[in-house]
Enquirer: 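Have a look at this one.
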Protein chains: 2
Amino acid sequence: MDLPAARRRRSSGRVTLNDVAREAGVSPITASRALRGERGVGADLVARVQEAVRRLGYVPDPAARALASSRSTQVAVLVPMLSNTLFVDLLEAVHRTLFPAGYQSLIGVTHYDPDEEEMLLRSYLAHRPAGLLVTGFDRTEASRQLILASGLPCVHLMETTEAPGVYCVGFSQTEAGAAITEHLLSRGRRRIAFVAAQLDPRTMQRADGYRRALRQAGCYDARLELLSPDRSSLALGAQLFEELLATRRDIDAVFFCNDDLAQGGLLAAHRLGIEVPARVAVAGFNDLDGSDQMLPPLTTVHTPRFEVGEAGARMLLQLMRSDTPVPSSVRLPYRVVVRQSS
Amino acid sequence: MDLPAARRRRSSGRVTLNDVAREAGVSPITASRALRGERGVGADLVARVQEAVRRLGYVPDPAARALASSRSTQVAVLVPMLSNTLFVDLLEAVHRTLFPAGYQSLIGVTHYDPDEEEMLLRSYLAHRPAGLLVTGFDRTEASRQLILASGLPCVHLMETTEAPGVYCVGFSQTEAGAAITEHLLSRGRRRIAFVAAQLDPRTMQRADGYRRALRQAGCYDARLELLSPDRSSLALGAQLFEELLATRRDIDAVFFCNDDLAQGGLLAAHRLGIEVPARVAVAGFNDLDGSDQMLPPLTTVHTPRFEVGEAGARMLLQLMRSDTPVPSSVRLPYRVVVRQSS
DNA sequence: CTGAAAGCGCTTACAG
DNA sequence: CTGAAAGCGCTTACAG
């Protein structure tokens, strides 16, 4: 054991593919192919390899695999913010779909900042992920180039486009915004305010839907929009609702761009003694936890984030297998949930 | 270019450490050392290497690094559930501390299931993380062994122990549970109910604190505990509150083990026309988003999850540098936040 | 303080 | 359908 070769060993005692191959009486290449389910390997050999794996307790080394194949089993998933529970649900669905297929989610939170997204992208791309899941289409030109140059399969979540070669799963934020506005119109409301925070692209698409619906009804009034770049929260919703009521006294409805704001607005209405929906109807967006518990229960749009996460992950799985998903753009249904606040 | 050697090339065109070394006129080993800030490299050489890195746009390959050093720059972080925004805050603080130091968080969600934690641990350990951040101490024996056998630095979050060799940052869930109960006692309440969901270890520690405080005051009554193994949510809080009021009519206060339950309870009280705090005082735990907006604003315990995340990540950073953190167990302060619900 | 050699544990590309 | 050789891009261990 004092041979130079032995002294140079750095072996960690880890069970390697070589050990498995020897145990199964095949070559390492065959063992590798058998493990990865590459077809063209005899069924008997596959069985022998799997048995050897079980007996030895072999665990493949992702680092070695990534180095040799220049592709890991990690999928980078970029979302704006976890305090918006919408994205927690999305991640949950992504994880449930990807993990059983052998992929880990490498979660990145961009805080709605394109520059931060670009930085995360650089960092994660170095890890040779097997694929990319990103939120929406709004990013820096450099980010776009990074994604393109990586040549990695990439699926865009939450929004859709028909641009060729772009894979995406989402729903129409604009139409959903219009739908909830039309619901308020159908209740006889005419002075419908729009209150938004964060002002990210999807929020502004909802704003577009709101505007379109009101213009169509001949009720649009730009002064009824209250937009704040601050982070969305119940407290901000309450504050904006108060501000709205103090400055636009004739409104008869409010569409909040997210349920947390709407919940805050509803609580503020209580505090101010403003009757909902008698005096003002209130609607939210996303159908988050607690909205059905509010007083009165909140009318909102139930968005298919679980479905988006699952379908998006499935599409990515196809791309990673070099299959071509058809269609490349999937638009999922949302649902207006009418409760007592409108 | 038709030499056998050339035909076998798989080069991805990637800029490698070799390129950097050549550009800087040093050996790859020296370049490697200079990049990792290993001391014992001449300052002039370090500068030349860094200049070459900049010029070539070199990005180190984490897979190759992990394979060669059997250590990656990823830190596995295991939390129970992201729908409890407590853990979103924790992760945020962890990421803010680890990322600038060159580490990525590999987030794993256990869903409060020790078996799922074990599975995630196996999967993540294969990735040779540089360190481990786990929630609490309650896990399978196999998980414990996996962590031990990995030899990786590991910091436990949210709870503390004085057991030697165990690194942890948290606060006393038991004392915090006792403190909020004592606050209710100090308000003259004597029939104080305890309502809990999920029933994870930390929830049960809060229950212990509740019991201890009430026993000390001679007010403990086991029938005032309402424990549900279901997932915590506003809806469940509302339901449990109704159940409590229907079956324990003489209570004068409720301590909910988490703010989401308490918020649901407060909303249920409104619906039922039960005055808070006149008829029943209500207290929560964690001080989550919206608790200050409730009607009335919720009395709760503000828990130091940002601080736990940051201090825990810092401690892990020390361990990964092979420093020995002193002390090995850090107990952070919580704060009883008295609002109008009590 | 710097370097030449070997190796980490896989997979790719070629051959048969 | 199976395999021997080379290589992925780093770092470790040894030497000077």
Side-chain angles (χ1 to χ4, degrees), chain A residues 2-22 24-49 53 56 58-73 102 126-128 130, chain B residues 2-22 24-49 53 56 58-73 102 126-128 130:
Chain A
D2 245 334
L3 307 169
R7 289 162 94 236
R8 284 193 170 264
R9 291 223 132 263
R10 286 192 258 156
S11 161
S12 49
R14 185 171 185 131
V15 178
T16 74
L17 191 60
N18 265 311
D19 302 328
V20 172
R22 201 177 312 125
V26 299
S27 75
I29 307 94
T30 301
S32 168
R33 284 199 272 251
L35 281 178
R36 278 173 299 135
E38 215 177 74
R39 55 199 195 130
V41 183
D44 49 332
L45 288 192
V46 172
R48 258 159 61 199
V49 169
V53 164
L56 266 39
Y58 169 72
V59 179
D61 185 325
R65 180 172 278 181
L67 183 58
S69 69
S70 66
R71 197 125 305 178
S72 76
T73 58
H127 283 268
R128 310 166 177 262
Chain B
D2 244 332
L3 307 168
R7 290 161 96 235
R8 283 192 171 265
R9 291 225 133 263
R10 287 193 259 155
S11 162
S12 47
R14 186 172 184 129
V15 177
T16 73
L17 192 59
N18 266 310
D19 302 328
V20 171
R22 199 175 317 121
V26 299
S27 75
I29 309 95
T30 300
S32 167
R33 284 199 273 252
L35 280 179
R36 279 173 298 133
E38 215 178 72
R39 51 195 201 136
V41 182
D44 49 332
L45 289 191
V46 172
R48 258 158 64 198
V49 169
V53 164
L56 265 42
Y58 169 71
V59 180
D61 185 326
R65 179 172 277 181
L67 183 57
S69 69
S70 66
R71 198 123 306 176
S72 76
T73 56
H127 283 268
R128 311 165 177 261

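Just so it is clear, the values below take in all heavy atoms, side chains as well, and ignore hydrogens, waters and symmetry mates. Just so we're clear, the structure is a prediction, and the values are computed from it rather than from any experiment.
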Enquirer: Please report the interatomic distance CG(B:L67) to OG(B:S72), rounded to the nearest 0.5 Å.
Expert: 12.0 Å

Enquirer: Just how far is it from atom CZ of A:R48 to atom OG1 of A:T30, taken to the nearest 0.5 Å?
Expert: 9.5 Å

Enquirer: Would you kindly give the CZ-to-P distance between B:R36 and D:dG9, to the nearest whole Å?
Expert: 18 Å

Enquirer: Picking from C:dG9, D:dT2, D:dT11, which would you name as closest to the side chain of B:L17?
Expert: D:dT11

Enquirer: Base, sugar-phosphate, or nothing for A:R33, non-hydrogen atoms under 4.0 angstrom?
Expert: base

Enquirer: Between D:dC10, C:dT11, D:dT2, which nucleotide gets closest to the side-chain atoms of A:S32?
Expert: C:dT11

Enquirer: Looking at C:dC8, I'd like to know if its phosphate oxygens (OP1 or OP2) sit under 4.0 Å from a side-chain N or O belonging to A:R14.
Expert: no

Enquirer: Checking contacts here: which listed nucleotide (D:dT11, C:dG9, D:dG3) is nearest the side-chain heavy atoms of A:S27?
Expert: D:dG3

Enquirer: Which one is paired to D:dT2, where only Watson-Crick or G-U wobble pairs with both distances under 3.5 angstrom count?
Expert: C:dA15

Enquirer: Could you tell me how far apart A:L67 (CG) and D:dG7 (P) are, to the nearest whole angstrom?
Expert: 14 Å

Enquirer: Can you measure B:H127 atom NE2 to C:dG9 atom C1' for me and round it to whole angstrom units?
Expert: 14 Å

Enquirer: For A:I29 and D:dG7, give me the distance from atom CD1 to atom P, rounded to whole Å.
Expert: 15 Å

Enquirer: Does C:dG3 have OP1 or OP2 sitting under 4.0 Å from an N or O in the side chain of B:T30?
Expert: yes

Enquirer: Under 4.0 Å between a side-chain N/O of B:R48 and OP1 or OP2 of C:dT2, yes or no?
Expert: no

Enquirer: Establish, with yes or no, whether the OP1 or OP2 oxygen of C:dT11 is under 4.0 angstrom from a side-chain nitrogen or oxygen of A:S69.
Expert: no

Enquirer: Can a side chain N or O of B:R65 be found less than 4.0 Å away from OP1 or OP2 on D:dC8?
Expert: no

Enquirer: Could you walk me through whether B:H127 and A:H127 pass the side-chain contact (heavy atoms from CB on, under 4.5 Å) test, one step at a time?
Expert: CA-CA 12 Å; B:H127 283 268; A:H127 283 268; over 6 Å; no

Enquirer: So if I take every side-chain heavy atom of A:V41 and compare against C:dC10, D:dC10, D:dT2, which nucleotide ends up nearest?
Expert: D:dT2

Enquirer: Rounding to a whole Å, what distance do you find between A:L35:CG and D:dT2:P?
Expert: 14 Å

Enquirer: When the distance from CD of A:E38 to P of C:dC10 is rounded to whole Å, what number comes out?
Expert: 16 Å

Enquirer: Please report the shortest heavy-atom distance between A:Y58 and A:T16, naming the atom on each side.
Expert: CE1-C, 3.5 Å

Enquirer: Output, in order, the C-alpha distance, side-chain angles, deciding distance and verdict of side-chain contact (heavy atoms from CB on, under 4.5 Å) for B:V41 and B:V49.
Expert: CA-CA 11 Å; B:V41 182; B:V49 169; over 6 Å; no

